[in-house]
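What follows is a short report on a single structure.
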Amino acid sequence: MANELNQLPDRGGPAQPLLIVNGLTKHFPVGSLLSGGKQLVRAVDGLSLTVAKQETLGIVGESGCGKSTASRLIMSLIEPTAGEVIFDGEVVGSRGGLPLKDYRRQVQMVFQDSYASLNPRLTIEESIAYGPKVHGIPHAKAVERANDLLEAVGLIPAQFARRFPHELSGGQRQRVNIARALALHPRMLILDEPVSALDKSVEAQVLNLLLDLKAQFGLTYLFISHDLNVVEHVADRVLVMYLGRVAEIGPVADIFGAPAHPYTTALLASRPSMDPRRRRTEPPLKGDPPNPINPPSGCRFRTRCSLARALCAAETPALSSSDSQHAVACHAATPGSGYAQSERMVA
Amino acid sequence: MNETVSQTRTGDYLVRARDLNVAFVSREATVNAVNGIDLDLAFGEVLCILGESGSGKSVTLRALMRLNPKGKTVMSGELSVAGHDMMALPDSMLTSVRGREVSMIFQEPMTALDPVFTIGRQIGETIVRHEGISRREAEQRALDLLELVQIPSAKRRLSAYPHELSGGLRQRAMIAMAISCRPKLLLADEPTTALDATVQIQILLLLRRLQQELGMGVIFVTHDLGVAGEIADRIAVMYAGRMVEQASVTDFITRPLHPYAQGLMGATVHSGMRGHRLTTIPGSPPDLRLPISGCAFAARCPHVVNACRAALPPFRHPEPGRAVRCVRFEEAA
Amino acid sequence: MFYYVVRRIIYIIPISLAVSLVCFLLVHIAPGDPIDAMVAPDTPPVVIEQVRAQFGLDQPLPVQFGIWLAKVVQGDLGNSLIKGRPIAADLLSASANTFILAMTGGLLGVLIGCVFGGIAGVYRGTWIDRVLLGTAVAGVSVPHYWLGMVMVIIFSVNLNLLPAMGAGPGGSTEWAWDWAHIQFLILPSITLCVIPAGLVTRTVRGLVSDIMSQDFITTLRGKGLRRSGIINHVIQNAAPTVLAVIGLQLANLMGGSILVETVFAWPGTGMMLNNAIFQRDIPVLQATTLVLALFFVVLNLVVDLIQTAIDPRIIRR
């Protein structure tokens, strides 16, 4: 192998989505075998999405919606119950497809907990150089690369390279994690709540950095967050998840400007207003998101939805689109679904 | 009745702190977490203390009921809460003030509630402690409280353990416990930060409603400008253990005066900033183990002049009800 | 919960079988021929084979195990090779004696451990903590038999306050809770309590200081509970774990008092085991080990069930 690691070339051309996810499903069994009563946590249920090259797809949702499980499935960190992941035209991990090792070189992940994702016994330089060394890059070259990356994420190598994770602030550690993720010249980053643990002023720095790096290295992002403002700021398209399923997906302007799913509407309306003259008087939704163990039949949002009718309990709404970009899984928003004729639910 | 009278009387405050200092002392170092804070809260007023991690906002809040770890904490200054001189109050009387006149809710209701006690018992225990009623009566009161904080099937939840409830319900139970003896002052330490978006707004609205119905004063600590905008009457911004700005919520949100507050506002992502670079505050907050001379924000401030480093800027009052600790706020605006 | 209890009790059967198999085999794995211990060194080989056949030691191992197990289930633990008497009766009185000693020493140790540990945990980092923890570490580190002998020298030989050997006027079979007997119990049980006291101190201290540093303690202080109220919460949080440790300690003491029983000539299972080992009395060895092991299993079950019953965080189906 050459002693230089470069970004792997584009194979499918610009029209080929970088990532296609097809019917990805993960069910976790709970309860012991002996107890007999086996239950399933339907963490992710038939997730399909595409991410175009050099695009940022944002995934939003509340706790238990399956967004973190989805990221780990896409990263092949856990085995899916069903479904496949296609990277630049090649099926990941299957025979004749893209081997996992090559896939993981091209897709890297950054987690929320900046401290837990770094080895506390390695200096940050060693942490960043570790990946390239595993891929056969000589030590000196790998260290050189680590220093370049530290520079790229805004940490002066002379000052930081020899420090240990506990000697850094949360924001600095997250920069190191980003540098580490970039060490293998990936084409795509999966960012799982990368700024959620950071203070606001630091969050802004890291978001700016992420946008800069994207332009600099031609990266594609899958950006997972519970913070709608952050997603609106960084994403090109947004996917809204609720209890393991896609509620709505579309361009950022559509999702934030003209949301079609009642859950998206409620989520947007739940944001604090910043303006004390326009305070909310009624919460958009009541109660907590339900447990993904034994989710409701039909539309999973119907238990909290003010629009729910009999049809919503009987039939699962399919993800249907008015145009090719914006799709929504809601009977009420889909003409011809039979919603208008369906009986109102008595709560 | 009495309270409405005292509310109108000037100079009569629920909380009044003058030059409040809190330091944590250990063998290795002394951390000056809170450095000379002045704070006034009127009866029935909602004050948000806004700040980032390490700003001393939570320490200040805990200091108001002397809840910082005993033995390690050194407090000085003047502090009066609900008419009690908190610096002089003996421990035995302090425990009668806590939970009855002043109570507190926390960020993480999962860890802030005892995992092996039922919700009903934890609420009832507070009432028994302060009102000396029987445990059975206290259970009944606990049930009423759960209904007051809108917990569905409240009767069943009384015998639930914290881990059996969802995050939102746990925080409601925590609130029920805090208001069980109708305190005059509620201290809230980031109570919605750990919650989902759709639940956060429910809890904020609940707190606002309870605050109005019970006429409590509330001090609400948060790092989130949006949350402050939903609930505060007045905002106080803390940086490196000092108060740097105080203003009414409307004044503050429309026009923050202190360069740090402006930086914080610029760094907060909100709608309509897409495509723009976010304003950031360069550098990081000072080390509170070392003495700070002058303005603590000077090292990161774009408007810094020599005078900032020379001495601690005094509070200036550009308009009534506003205070800002900055030498150059006119130029910064 | 009901099904959990039933299931746990059913689990006892395979566990006990496995335990008895191990007890049986251990003795056969150990070097040395038990026949040697029973016959004179110059016995002709023919006689040796006769003796071997008489005790069934010439059969293949699985058959020996089957025969032994069948008898054990009926309460026949066999005869001692040395004394020629049924083991069951001896073992019963020895177990009773050991039980008296282990429970007295164990409960004393647990009591000391909980008090020391609780105080050390509440005052963690202070001189009180250091003194108590130092005592605990010393207790765990001091060899049993040495401490026993020192106590004998001080209290029996020099001060002549307490008897040094045996279990009192009733001998090994007739224990009574009167001073004539209790004075024989004092030295061995104090010697025995030292290790569990040290271990429980350390566990309780760790638990208490861990619980005291949790967020909910701040909540409890914040709602105005007095120290006694907070301690009540700490105790209920610590109880399930402390209980598990106590259970294991008591079980350990049942089998682990060999040296102490030997030093004080206490007629319990420990001394019985000790003698059996030196005399290669295999049936006694097997029976004693089995009874102790089963006691361990049952005590574990009891601890587990109590723990489940008092800790709402443990969900058993």
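We name chains A, B, ... by the order of the sequence lines, and we start the count at 1 in each one.
Of all the listed residues (A/T281, A/V202, A/L211), the one sharing the greatest number of non-hydrogen pairs under 4.5 Å with chain B is A/T281. The residue among A/P272, A/G171, A/S169, A/G170 with the most heavy atom pairs within less than 4.5 Å of chain B is A/P272. When B/A232, B/G54, B/G266 are compared by the number of non-hydrogen pairs under 4.5 Å with chain A, B/A232 comes out ahead. Taking chain B as the reference chain and counting heavy-atom pairs below 4.5 Å, the highest number among A/E203, A/R277, A/R278 is found for A/R277.
If you measure heavy-atom distances from B/Q150 to chain A, you find no contacts under 4.5 Å at all. Of the two parts of B/L206, neither the backbone nor the side chain holds a non-hydrogen atom closer than 4.5 Å to a non-hydrogen atom of chain A. Within the 4.5 angstrom heavy-atom criterion, no atom of A/D227 approaches chain B. Neither the backbone nor the side chain of A/Q172 comes within contact range of chain B; no heavy atoms are under 4.5 Å apart. For A/V234, the part sitting under 4.5 Å from any heavy atom of chain B is the backbone (N, CA, C, O) and nothing else. Contact of A/A235 with chain B is made through the backbone alone, with heavy-atom distances under 4.5 Å. Heavy-atom distances place the side chain of B/L205, and not its backbone, under 4.5 Å from chain A. Using a 4.5 Å cut-off between heavy atoms, A/L285 contacts chain B through both its backbone and its side chain. B/S284 does not touch chain A: none of its heavy atoms, backbone or side chain, sits under 4.5 Å away. Proximity to chain B (any heavy atom under 4.5 Å) is shown, for A/S63, by both the backbone and the side chain.
Using modelled atom types, one side-chain atom of A/D236 and one backbone atom of A/T56 make a donor-acceptor pair closer than 3.5 Å. Counting only distance, with no hydrogens or angles, the side chain of B/D233 and the backbone of B/E45 share no donor-acceptor pair below 3.5 Å.
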Walk me through whether B/R208 and B/E230 qualify under salt bridge (charged side-chain N to carboxylate O under 4.0 Å, His left out). CA-CA 9 Å; B/R208 215 162 69 196; B/E230 278 294 340; 3.3 Å; yes
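Within 6.0 Å of the NZ atom in A/K286, the count of heavy atoms belonging to other residues, nucleotides or ligands does not exceed 12.
A pairwise comparison of heavy atoms in A/A204 and B/T279 identifies CB-O, 3.8 Å as the closest pair. The minimum heavy-atom distance between B/L165 and B/R170, with the atom names listed, is O-NH1, 2.7 Å.
Under 3.5 Å, the side chains of A/H226 and A/E62 contain no donor-acceptor pair of N or O atoms. Between the side chains of B/S58 and B/D189, at least one donor N or O lies within less than 3.5 Å of an accepting N or O. Residues B/R300 and B/Y239 have side chains that bring a donor and an acceptor to within less than 3.5 angstrom of each other.
Taking a cutoff of 4.0 Å between a charged side-chain nitrogen and a carboxylate oxygen, B/K57 and B/E190 qualify as a salt bridge.
Within residues 247-255 of chain B, the residues having any heavy atom under 4.5 Å from a heavy atom of chain A are, by residue number, B/V249, B/T250, B/I253, B/T254.
Listed by chain and number, the residues in a side chain to side chain donor-acceptor pair (under 3.5 Å) with A/E55 are A/R237 (sequence neighbours excluded). The side chain to side chain donor-acceptor pair (under 3.5 Å) search around A/R175 returns A/Q205, not counting sequence neighbours.
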Using a 3.5 Å cut-off and no angle test, enumerate the donor-acceptor pairs between side-chain atoms of residues 212-219 of chain B and protein atoms at least two apart in sequence or in another chain.
from	atom 1	to	atom 2	distance (Å)
B/E213	OE2	B/R209	NE	3.1

